[in-house]
Amino acid sequence: MKYKSQKVAYWFFALCMLLFSLQIVYGFIMGFDRIGIQGLHEIVPFNVARAVHTNLLVVWLLTGFMGAAYYIIPEEAQRELISVKWAYVQLISLAVVGVVAIVGFHFNHWEGRKFLEIPRELDFLVVINVLLFLGLILGTLFKGKRQTTTALVLTMGLLFAALLYLPGMIWFDSQVMDSFFRWWVVHLWVEGVWELIMGGILSYLLIKLTGVDREVIEKWLYVIVGLTFLSGVLGTGHHYYYIGVNKIWLIVGGIFSALEPLAFLAMALFAVNMYRKGEKSHPNKIALFWTIGSSIVSFVGAGLLGFAHTLPQTNLYTHGTLVTAMHGHYAFWGAYAMIVLAIISYALPNVTGRKRYQSTTGMAAFWLSNVGMLGMTVAFGVAGVVQVYLERKMKMEFMVVQNEISIHFVVLLICATMFTTGIGLFIYDFVKYGRPSDEALEVK
């Protein structure tokens with residue numbers, strides 16, 4: 001590592017791995033529930049497990065993004081973080097908010113809005129935490145010796161993510177208005193500003209791993225930013241029809257949702273093209289696999305699978321079914337989880353000074369988790385298609401259909417076990433790296 005303050009990123013990555021592990025545990029609780037093994041149902045009801053599972057996804061990814069920013073921004077700005085102490089304060093407060101929210105879910109202390117269940121009082125603590133984070137990042141960036149396109153796109157994504165959290169805090173008596181602005185957070189995060197964060201991290205990793213000139217790589221970022229805003233903002237409309245908004249949004253949302261794969265296709269072509277043009281063979285092949293894999297899998301999961309079921313003619317049948325879960329799992333995995341694991345794989349050897357990326361454990365983690373997630377996606381997809389046909393074409397009762405498709409969750413749990421084994425190996429490698437060391441500091 002080039003700057004001592006980059007060590008802060010390690011502790012964000014450590015919290016990230018802990019929260020990811022918990023998310024997987026609650027995923028298994030739901031999976032067993034779906035096949036009739038309900039021993040924990042009295043302690044952890046399905047709705048609680050689901051709320052914890054989805055909210056942990058958001059929190060561990062945001063923690064990973066913050067860790068990535070604390071690692072990337074000092075290097076891009078060519079200066080130390082303006083305050084290491086406040087960065088640790090921000091980390092601890094983020095962990096406290098997460099723990100309080102999760103414990104509260106188990107006691108039914110929440111708001112009943114999907115993905116935004118945390119109580120309103122915790123929302124204000126989240127805002128304070130994110131403002132502190134942004135102050136540290138922006139202060140470091142603008143006091144630095146340079147402001148690169150990579151750093152600015154990453155920071156812009158983080159800033160817009162914070163701003164778009166605010167509409168979800170507005171109180172409405174109308175369910176329609178509440179749902180309208182809830183989608184500003186949920187959809188414009190994952191199919192809008194988070195793509196900017198992904199693009200910034202992807203750009204940084206490709207510069208480091210391929211040796212391609214920064215100017216060439218950063219030109220692609222302008223294309224990605226343009227496509228993201230063109231498609232993501234109006235593409236949100238494909239949700240609006242189902243909450244009582246004018247029918248025109250079904251058409252607008254469908255058209256612009258169809259354009260959303262272009263942003264992810266651009267990322268995939270960008271990454272593969274830069275890899276082929278690479279002027280150096282970086283020894284950290286594991287980080288390179290996660291980086292290139294993220295761009296390709298995100299195109300399939302977020303791009304193609306999203307396109308496959310958000311067209312109005314299809315979405316009228318698939319909306320709110322397990323087809324959505326198919327798209328959601330593979331999209332989040334490819335676009336955001338894999339890019340976080342990529343930056344962790346790149347940063348760990350640099351902050352610890354230990355080059356464990358030459359072991360086979362990391363590569364096994366990559367393949368097992370990816371094959372497992374692909375299997376889970378197929379299981380969700382098959383179950384979703386059967387659900388759509390039986391429930392929405394044959395008009396069978398919801399719970400009857402759930403019993404009919406429970407066999408697919410057996411397959412899903414088998415694949416989830418493979419996925420978990422891969423993630424377990426990744427975390428094992430993370431632990432084996434040990435803590436960050438000043439000895440890893442490069443002499444400038």
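Note that the structure is predicted; figures quoted are calculated from it, not measured.
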Engineer: Answer yes or no: is there a donor N or O on one side and an acceptor on the other, between the side chain of H329 and the main chain of T377, under 3.5 Å?
Structural biologist: no
Engineer: If we only count heavy atoms from C-beta on, is the L61 to F332 side-chain gap below 4.5 Å?
Structural biologist: yes
Engineer: Just say parallel, tilted or perpendicular for the rings of W194 and W189, cut-offs at 30° and 60°.
Structural biologist: parallel
Engineer: Heavy-atom count check: over 12 atoms from other residues, nucleotides or ligands less than 6.0 Å from E215 CD?
Structural biologist: no
Engineer: Answer with yes or no after comparing the ring centroid distance for H106 and Y26 against a 6.0 Å cut-off, counting only values under it.
Structural biologist: yes
Engineer: Might you point out which heavy atoms bring N55 and F115 nearest each other, and give the distance in Å?
Structural biologist: OD1-O, 3.5 Å
Engineer: Using side chain to side chain contact (heavy atoms under 4.5 Å, CB included), reason through M376 and M418 one step at a time and then give a plain yes or no.
Structural biologist: CA-CA 10 Å; M376 290 167 63; M418 183 185 296; over 6 Å; no
Engineer: Does a donor on one side chain and an acceptor on the other come within less than 3.5 Å for T150 and E218?
Structural biologist: yes
Engineer: I'd like to know if the side chain of E117 pairs up with that of H109 as donor and acceptor (distance under 3.5 Å, no hydrogens or angles considered).
Structural biologist: no
Engineer: Could you walk me through whether F133 and Y70 pass side chain to side chain contact (heavy atoms under 4.5 Å, CB included), step by step?
Structural biologist: CA-CA 9 Å; F133 165 71; Y70 281 131; 3.4 Å; yes
Engineer: Testing K208, R214, K145 for salt bridge (charged side-chain N to carboxylate O under 4.0 Å, His left out) with E76, which one passes?
Structural biologist: R214
Engineer: Do other residues, nucleotides or ligands put more than 12 heavy atoms under 6.0 Å from F172 CZ?
Structural biologist: yes
Engineer: Indicate the ring-plane relationship of F20 and W333, choosing parallel, tilted or perpendicular according to the 30° and 60° boundaries.
Structural biologist: tilted
Engineer: Ignoring hydrogens, what is the shortest heavy-atom contact between T291 and A342? Give both atom names and the distance.
Structural biologist: OG1-CB, 3.6 Å
Engineer: Is the shortest heavy-atom distance from the side chain of R79 to the side chain of T140 under 4.5 Å?
Structural biologist: yes
Engineer: Find out whether Q90 and W86 are in side-chain contact, i.e. whether some heavy atom of one side chain is under 4.5 Å from a heavy atom of the other.
Structural biologist: no
Engineer: Could you state the interatomic distance from CG (L56) to CD (Q23), rounded to the nearest 0.5 Å?
Structural biologist: 6.5 Å
Engineer: Check W60 against A337 and note the closest heavy-atom contact, atom names and distance.
Structural biologist: CH2-CB, 3.7 Å
Engineer: Out of the candidates I201, N350, L81, only one should pair with Y71 under the side-chain contact (heavy atoms from CB on, under 4.5 Å) rule; please name it.
Structural biologist: N350
Engineer: Give me the ring orientation class for Y242 and H319: parallel if the planes are under 30° apart, tilted from 30 to 60°, perpendicular past 60°.
Structural biologist: parallel
Engineer: I would like to know whether D429 and K432 meet salt bridge (charged side-chain N to carboxylate O under 4.0 Å, His left out); could you show each step before the answer?
Structural biologist: CA-CA 5 Å; D429 246 7; K432 291 291 287 184; over 6 Å; no
Engineer: If you measure from OH on Y346 to CD1 on I72, what distance do you get to the nearest 0.5 Å?
Structural biologist: 9.5 Å
Engineer: Taking everything shown except R435 itself, do over 12 heavy atoms lie less than 6.0 Å from its CZ?
Structural biologist: no
Engineer: Of all the heavy-atom pairs spanning G67 and A9, show the shortest one and how long it is.
Structural biologist: O-CB, 3.2 Å
Engineer: Looking at F46, I want to see if its CZ is surrounded by more than 12 non-hydrogen atoms of other residues, nucleotides or ligands under 6.0 Å.
Structural biologist: yes
Engineer: So, the side chain of R354 versus the backbone of L348: is there a donor-acceptor pair under 3.5 Å, distance only?
Structural biologist: no
Engineer: Would a 4.5 Å heavy-atom cut-off, applied to side chains only, mark T417 and I414 as touching?
Structural biologist: no
Engineer: Can a side-chain donor-acceptor contact be found between W171 and D178 if the only test is distance below 3.5 angstrom?
Structural biologist: no
Engineer: Taking the side chain as everything from C-beta on, heavy atoms only, tell me whether S294 gets closer than 4.5 Å to M198.
Structural biologist: yes
Engineer: Report yes or no: do N315 and T310 form a side-chain donor-acceptor pair below 3.5 Å?
Structural biologist: no
Engineer: W290 and side-chain contact (heavy atoms from CB on, under 4.5 Å): which partner among L341, L205, I344?
Structural biologist: L341
Engineer: Tell me whether Y336 contacts the main-chain N or O of V190 through its side chain, where contact means a donor paired with an acceptor under 3.5 Å.
Structural biologist: yes
Engineer: Quick one: closest heavy-atom pair of P349 and Y433, and the distance?
Structural biologist: CG-OH, 3.4 Å
Engineer: When rounded to the nearest 0.5 angstrom, what is the spacing between CZ in R182 and CZ in R113?
Structural biologist: 8.0 Å
Engineer: For R276, does the CZ atom have more than 12 heavy-atom neighbours from other residues, nucleotides or ligands under 6.0 Å away?
Structural biologist: no
Engineer: Look at E80 together with K2 and state whether they make a salt bridge at an N to O cut-off of under 4.0 Å.
Structural biologist: no
Engineer: Output the distance between atom CG (L154) and atom CG (L159), rounded to the nearest 0.5 Å.
Structural biologist: 11.5 Å
Engineer: Please determine whether the number of non-hydrogen atoms from other residues, nucleotides or ligands lying under 6.0 Å from atom CZ of F124 exceeds 12.
Structural biologist: no
Engineer: Measure the acute angle between the ring planes of F180 and W184, then classify it against the limits of 30° and 60° as parallel, tilted or perpendicular.
Structural biologist: tilted
Engineer: Nearest 0.5 Å, what's the CE-CG distance between M156 and L158?
Structural biologist: 10.5 Å
Engineer: Determine the minimum heavy-atom distance between L322 and A383, stating which atoms define it.
Structural biologist: CD1-CB, 3.9 Å
Engineer: Main chain of L152, side chain of Q147: is a donor-acceptor contact present, judged purely on distance under 3.5 Å?
Structural biologist: no
Engineer: Going by atom types only, do Y3 and Q78 share a side-chain donor-acceptor pair under 3.5 Å?
Structural biologist: no
Engineer: Say you draw a straight line from CE of M169 to CG of D123; how long is it, rounded to the nearest 0.5 Å?
Structural biologist: 5.0 Å
Engineer: Closer than 3.5 angstrom, by distance alone: can the side chain of S203 be matched with the main-chain N or O of G200 as a donor-acceptor pair?
Structural biologist: no
Engineer: Output yes when a side-chain donor or acceptor of H309 lies under 3.5 Å from a complementary backbone atom of H327, and no otherwise.
Structural biologist: no
Engineer: Could you check whether any side-chain N or O of H238 sits under 3.5 Å from a backbone N or O of G235, counting only pairs where one atom can act as donor and the other as acceptor?
Structural biologist: yes
Engineer: Going by heavy atoms in the side chains, are Y330 and F380 under 4.5 Å from each other?
Structural biologist: no
Engineer: For a ring-ring contact (aromatic ring centres under 6.0 Å, His included) check, start with the C-alpha distance between W249 and Y241, then their side-chain angles and the critical distance, and finish with the verdict.
Structural biologist: CA-CA 6 Å; W249 279 106; Y241 173 73; over 10 Å; no
Engineer: Kindly indicate, with the supporting measurements, whether the criterion ring-ring contact (aromatic ring centres under 6.0 Å, His included) is fulfilled by W183 and Y240.
Structural biologist: CA-CA 8 Å; W183 283 116; Y240 291 163; 8.1 Å; no
Engineer: Would you check if F366 and K285 make a side-chain contact, meaning some heavy-atom pair closer than 4.5 Å?
Structural biologist: no
Engineer: Evaluate the side chain to side chain contact (heavy atoms under 4.5 Å, CB included) criterion for residues L368 and F419: first the C-alpha distance (whole Å), next the side-chain angles of each, then the deciding distance (0.1 Å), finally the verdict.
Structural biologist: CA-CA 6 Å; L368 283 171; F419 171 80; over 6 Å; no
Engineer: Parallel under 30°, tilted from 30 to 60°, perpendicular over 60°: which one fits the rings of F289 and W367?
Structural biologist: perpendicular
Engineer: Please report the C-alpha distance between Y10 and F430 in whole Å, then the side-chain angles of each, then the deciding distance to 0.1 Å, and finally whether the side chain to side chain contact (heavy atoms under 4.5 Å, CB included) criterion is met.
Structural biologist: CA-CA 10 Å; Y10 174 88; F430 184 95; 3.9 Å; yes
Engineer: With a 4.5 Å cut-off on side-chain heavy atoms, are Y204 and I343 touching?
Structural biologist: yes
